[in-house]
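All heavy atoms count here, side chains included; hydrogens, waters and symmetry mates do not. Because the structure is predicted, anything quoted here is derived from the model rather than measured.
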Amino acid sequence: MSDIVVGIDLGTTNSEIAIVRNGQIEIIDVEIGKPILPSVVGLGDDDVLLVGAAARNQYVLHPERTIRSVKRRMGEATHLMLGDKQYSPPEISAMILLQLKKIAEAHLGESVKRAVITVPAYFSDAQRQATREAGDIAGLDVVRILNEPTAAALAYGAHRSKQHGNTDPAKARKSLVYDLGGGTFDVSVVNMEGDVVEVLASHGNNHLGGDDFDRRIVDFVLDHLNAVHGIDAKTASASPIAMARLQRAAETAKIALSDHPYAMLTEEFLFEKDGAPIHLSLEISRHEYEAMIEPYIKETMDAVQIALIGAKLTVASIDEVLLVGGATRTPMVSRLLETITGIQPHGEIDPDLCVAMGAAIQGEIIAGGHTPTVLIDVTPYTFGTSSLGLLDGKPYHYCFVPLIRKNTPIPAARSEVFYTVLDNQEAVDVTVFQGEALDALDNVEIGRFMITGLRKVPAGNPIVLDFSIDINGILQVRASEKKTGLECTITIDNAISRFEEGKLHEVRGRIRSMFADDTAQGEDADIQDIDSQIGEIPHRRSLVEANALLEKAENLLKTAGADDREDLVDNIEAVREAIANTTGADDSALKQAIAALADVLYYLDN
């Protein structure tokens, strides 16, 4: 079937691939009886690429030649060392995706070109773009970026529909989907009624998960080694191999504590001191472990309350709690969720596999197949811009104006009109923010552009700003002059470094060439490393405010009187000099110059 669309859960710790065939959801085995691919990439001693279990196994021997948990780096303008070469996070993720693609093609006996890939609901625009880019590099047409809790809800919706049958559809249910994976956490409130799964609200933390739990166990071990053997953390950290072995032992103990009250941390010849070997043999109880991770779990419980508030529901309105992600096997999670909701959480679908299953269902929908569920998704962030307004009762240039609010069903589009503040103003600087703070500068700047060539008319020229977000959570912003139709449009894909169109093919070839059986004859073996174009680092608050004040002051110079003009020139020069001399964290001189110029402008405005 040429219209095949696979579903991929690209996870922090593990990844899976699934497909719907003959009306059945099928998780494709990575190895016989093993449907899970560790999200680990490495280089062997002979520089052969290792992906999955082989890379994970070599981590304890060659941590410097192995990369794990790359999902936590998605969306960052950074490079990671693998051997003696640098790769961006999307490139490393592409290696995992390409391995899954090859596994699926061998299983299905045909090429796989299209995929639905899942991401945490709280992934930013930059992280979503990085995920899509990883798919492009792997040679996949990413037909949909799907939120992980939403995918899980689809899987449970299909499970419930199958239980009730087409003649007796399930009644409406409000479900709390709690998704705690290896590196990310999301909680979503969804309404499931008959054939419809509607996401009402989401909340989460992109840097909270099982990896954090592992680190707490490692810290526990390091404290023990210091107390008993005098091996402090600095000494331990000087041995990457020993730290990698501790990481492996911690993860093994964490998994064991899900089912047993105690676990042993055992590693022989871990260190050497005064010529004698140091062995590790330490017992950890579930009680000790849960005390270590309690702050993380309580943070997730707070997120549950925030999601309920976002959905305008109370705990009493929830009918069921669904567990997603391997870290939900920690007994403390189910216990606290049951205490808060009064409901015993469901885990009948494997929490490691249900996201991939939901992605496969969505892929089948896109391919035109028949499935028992329909999806309605929401945006987990508020998007807006900044404008002149009042903050704390005072005039302020960067008041946040939300256009698309958090938990709005997507796709969505919103428009707002703004007005120029100067006579003959020929340009407007549009800054796009993501966040909730009333002060726009406290939010995350994700895009910026200038619309120029405006009519030379008195202040008050209307400028219409349109925000639209598609089903993949990708934002597009357009500004237009109402009277003339002059417009400027951008898609917010520049928050991270992006590959140029011409370079994407080169990068794809470079990654694919690392898979021995995919190396095409005639490809250039000397392809140079592609350095991602580093996105512009956002200015600090003081520098942003200084540039805005300078622009306004320079415009006022044209109409100011002689005395006022002299004051303006002096203060403009003072600000510019402060900017030039401010190179470190101390920007007190710049702030003083800004305050002086702001006073002059306030005087002239009034």
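- Side-chain atoms of L246 and M243, non-hydrogen and from C-beta on, do get closer than 4.5 Å to each other.
- Here the shortest heavy-atom pairing between V177 and P149 reads CG1-O, 3.7 Å.
- With sequence neighbours left out, the side-chain hydrogen bond (donor to acceptor under 3.5 Å, both in side chains) criterion links D350 to R329.
- Here the SG-CD1 distance, from C354 to I361, works out to 10.0 Å after rounding to the nearest 0.5 Å.
- With hydrogens and angles disregarded, a donor-acceptor distance shorter than 3.5 Å links the side chain of K71 to the backbone of L10.
- If you check the side chains of S69 and D211, you find a donor sitting under 3.5 Å from an acceptor.
- Put simply, the side chain of I474 reaches to within 4.5 Å of the side chain of Q129, judged on heavy atoms.
- You'll find the side chain of D319 stays beyond 4.5 Å of the side chain of M192, heavy atoms only.
- Side chain of Q434 to backbone of T382: no donor-acceptor contact under 3.5 angstrom is found.
- Within a 6.0 Å radius of NE2 in H287, no more than 12 heavy atoms belonging to other residues, nucleotides or ligands are found.
- Within the 3.5 Å criterion, the main-chain N or O of G183 finds a donor-acceptor partner in the side chain of R72.
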Dump the intermediate steps for side chain to side chain contact (heavy atoms under 4.5 Å, CB included) on I278 and L270, then the final yes or no. CA-CA 6 Å; I278 302 296; L270 189 62; 5.5 Å; no
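- A donor-acceptor contact shorter than 3.5 Å links the side chain of T131 to the backbone of Q127.
- In this structure, the separation between CG on L98 and CD1 on I511 is 8.5 Å, given to the nearest 0.5 Å.
- Salt-bridge formation is not detected for the pair R128/D125: no Lys NZ or Arg NE/NH1/NH2 atom is positioned less than 4.0 Å from an Asp or Glu carboxylate oxygen.
- Taking 4.0 Å as the cut-off between side-chain N and carboxylate O, E290 and R335 count as a salt-bridged pair.
- Residues I8 and L140 have side chains in contact (heavy-atom distance under 4.5 Å, counting atoms from C-beta outward).
- Distance check, rounded to the nearest 0.5 Å: OH of Y59 to CD of E64 gives 10.5 Å.
- Between the side chain of D212 and the backbone N or O of G209, at least one donor-acceptor pair lies under 3.5 Å.
- For the pair H203/D186, no side-chain contact is recorded, criterion being any heavy-atom separation below 4.5 Å from C-beta on.
- Of the possible donor and acceptor atoms, none in the side chain of D9 sits under 3.5 Å from a partner among the backbone N and O of V355.
- Side-chain contact check for K254 versus I217: some heavy-atom pair is nearer than 4.5 Å.
- Side-chain contact check for Y87 and H79: no donor-acceptor pair (N or O, by modelled atom type) lies under 3.5 Å.
- When every heavy atom of A359 is checked against every heavy atom of T118, the shortest pair comes out as CB-CG2, 3.7 Å.
- Not counting sequence neighbours, the partners of F185 by the ring pair (Phe, Tyr, Trp, His ring centres under 6.0 Å) test are Y178.
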Derivation and outcome, salt bridge (Lys or Arg N to Asp or Glu O under 4.0 Å), residues E76 and R73: CA-CA 6 Å; E76 296 181 12; R73 309 303 298 273; 2.8 Å; yes
Derivation and outcome, side chain to side chain contact (heavy atoms under 4.5 Å, CB included), residues I343 and I318: CA-CA 9 Å; I343 302 169; I318 298 300; 4.0 Å; yes
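- Put simply, OG1 on T379 and CG on N147 are 8.5 Å apart, with the number rounded to the nearest 0.5 Å.
- Put simply, the side chain of N226 never gets that close to the backbone of L222: no donor and acceptor are under 3.5 Å apart.
- Atom CG of D46 sits in a crowded spot, with more than 12 heavy atoms from other residues, nucleotides or ligands closer than 6.0 Å.
- Two rings, from F271 and H229, have their centers 6.0 Å or more apart.
- The side-chain heavy atoms of S15 and L100, taken from C-beta on, include a pair separated by under 4.5 Å.
- The pair E320-R173 meets the salt-bridge criterion, with a side-chain N (NZ, NE, NH1 or NH2) lying under 4.0 Å from an Asp/Glu carboxylate O.
- Between the side chain of E272 and the backbone N or O of P277 there is no donor-acceptor pair closer than 3.5 Å.
- In terms of heavy-atom proximity, I27 sits nearest to A356 at CD1-CB, 4.1 Å.
- Side-chain N or O atoms of R216 include one that pairs as donor or acceptor with a backbone N or O of M292 at under 3.5 Å.
- Counting only N and O atoms by type, the side chains of H62 and D45 include a donor and acceptor under 3.5 Å apart.
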Could you please spell out the steps behind the side chain to side chain contact (heavy atoms under 4.5 Å, CB included) verdict for V199 and V189? CA-CA 6 Å; V199 181; V189 180; over 6 Å; no
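- In terms of heavy atoms, S124 sits closest to N206 at N-ND2, 4.2 Å.
- In this structure, F213 and Y296 have tilted ring planes: the angle between them lies in the 30° to 60° band.
- Note: I117 CD1 to S93 OG = 9.0 Å, rounded to the nearest 0.5 Å.
- Separation of the F269 and H279 ring centroids falls under the 6.0 Å cut-off.
- Contact detail for K101 and G139: the closest heavy-atom pair is CE-O, 3.9 Å.
- Across all their heavy atoms, A437 and D442 have their closest contact at CB-CB, 3.7 Å.
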For Y381 and Y122, what are the C-alpha separation, side-chain angles and deciding distance, and is it a ring pair (Phe, Tyr, Trp, His ring centres under 6.0 Å)? CA-CA 8 Å; Y381 292 103; Y122 236 59; 4.8 Å; yes
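- When side chains are defined from C-beta on, I293 counts as touching T330, because their heavy atoms get closer than 4.5 Å.
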Stepwise, does the side chain to side chain contact (heavy atoms under 4.5 Å, CB included) test hold for V333 with L180? CA-CA 9 Å; V333 169; L180 183 61; 4.2 Å; yes
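- The cationic group of R286 does not satisfy the cation-pi geometry with Y262, failing either the under 6.0 Å distance to the six-membered ring centre or the 45° limit from the ring axis.
- Judged by distance alone, with hydrogens and angles left aside, the side-chain atoms of T328 form a donor-acceptor pair with the main-chain N or O of G325 at under 3.5 Å.
- The CD1 atom of I32 lies 10.5 Å from the NZ atom of K34; values are rounded to the nearest 0.5 Å.
- Look at D47 and R65 and you find a salt bridge, because one of the NZ, NE, NH1 or NH2 atoms lies within 4.0 Å of a carboxylate O, short of that distance.
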